[in-house]
Amino acid sequence: MKGIVAVIVLVSFFVYSAMDLITVRYQQRLLYNELVRTQNIEQKLNQAWSYLQLERANLTSTAHINQVMSQKLRMTPADISHIIYIKDSELRKVANPEAAKEQ
């Protein structure tokens with residue numbers, strides 16, 4: 001009788017172990033699929049980020065700014081004869097006239 005009980009306990013343990021192994025492998029497969037999906041999303045986001053960095057570099061380039069300036073805003077680069085240089089000391093006089101009188 002003891003032998004039959006021992007065999008039943010061992011068989012029950014093996015069946016439980018087999019069921020537990022199946023459950024763990026199923027969870028492992030689910031986690032692996034989630035990992036692959038997450039890696040694919042990461043790769044797509046990295047591609048989008050690279051594209052955005054390239055687009056930002058293109059939009060902030062001097063050539064693009066000059067093109068927008070001339071076409072959309074109808075601006076032209078300043079001619080050297082139109083440029084006026086103001087000395088820093090002249091700016092201080094205009095900004096603070098009382099201090100300029102004291103000097």
Side-chain angles (χ1 to χ4, degrees):
M1 186 78 151
K2 290 182 180 180
I4 295 175
V5 172
V7 170
I8 291 175
V9 169
L10 284 175
V11 169
S12 300
F13 177 73
F14 287 129
V15 169
Y16 173 77
S17 295
M19 295 297 290
D20 196 38
L21 178 65
I22 291 170
T23 304
V24 168
R25 286 197 175 176
Y26 177 73
Q27 289 173 349
Q28 178 187 11
R29 189 176 310 122
L30 289 178
L31 289 173
Y32 179 76
N33 290 338
E34 184 179 345
L35 174 67
V36 169
R37 224 174 318 165
T38 304
Q39 287 174 339
N40 289 338
I41 291 171
E42 178 189 15
Q43 184 179 10
K44 289 178 184 178
L45 288 174
N46 283 335
Q47 287 174 349
W49 176 249
S50 297
Y51 174 76
L52 288 173
Q53 286 179 321
L54 179 64
E55 186 177 0
R56 182 185 69 182
N58 287 336
L59 290 175
T60 58
S61 70
T62 304
H64 180 74
I65 292 172
N66 286 338
Q67 180 186 9
V68 170
M69 179 185 73
S70 63
Q71 291 178 355
K72 291 186 179 179
L73 302 176
R74 297 185 182 142
M75 296 173 73
T76 58
D79 188 41
I80 293 178
S81 62
H82 293 115
I83 297 175
I84 300 172
Y85 292 98
I86 302 173
K87 295 180 183 177
D88 191 30
S89 60
E90 293 174 2
L91 286 175
R92 289 186 187 142
K93 290 178 186 176
V94 174
N96 195 357
E98 294 174 8
K101 289 179 186 178
E102 292 174 7
Q103 292 177 357

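- Within 6.0 Å of CE on Met69 lie more than 12 heavy atoms contributed by other residues, nucleotides or ligands.
- Around CD of Gln53, the count of heavy atoms belonging to other residues, nucleotides or ligands within 6.0 Å exceeds 12.
- Counting heavy atoms from C-beta outward, Val7 and Val11 have side chains that approach closer than 4.5 Å.
- Distance check: Gln43 CD to Gln47 CD gives 5.0 Å after rounding to the nearest 0.5 Å.
- The two residues Ile65 and Thr60 have their closest heavy-atom pair at CD1-O, 3.7 Å.
- A distance of 11.0 Å separates CG of Asn40 from CG of Leu45, quoted to the nearest 0.5 Å.
- Rounding to the nearest 0.5 Å places CZ of Phe14 at 13.0 Å from CG of Leu21.
- Applying the side chain to side chain contact (heavy atoms under 4.5 Å, CB included) test between Tyr26 and each of Leu30, Thr23, Val24 identifies Leu30 as the sole match.
- In this structure, Ile4 places its CD1 atom where only 12 or fewer heavy-atom neighbours from other residues, nucleotides or ligands lie under 6.0 Å away.
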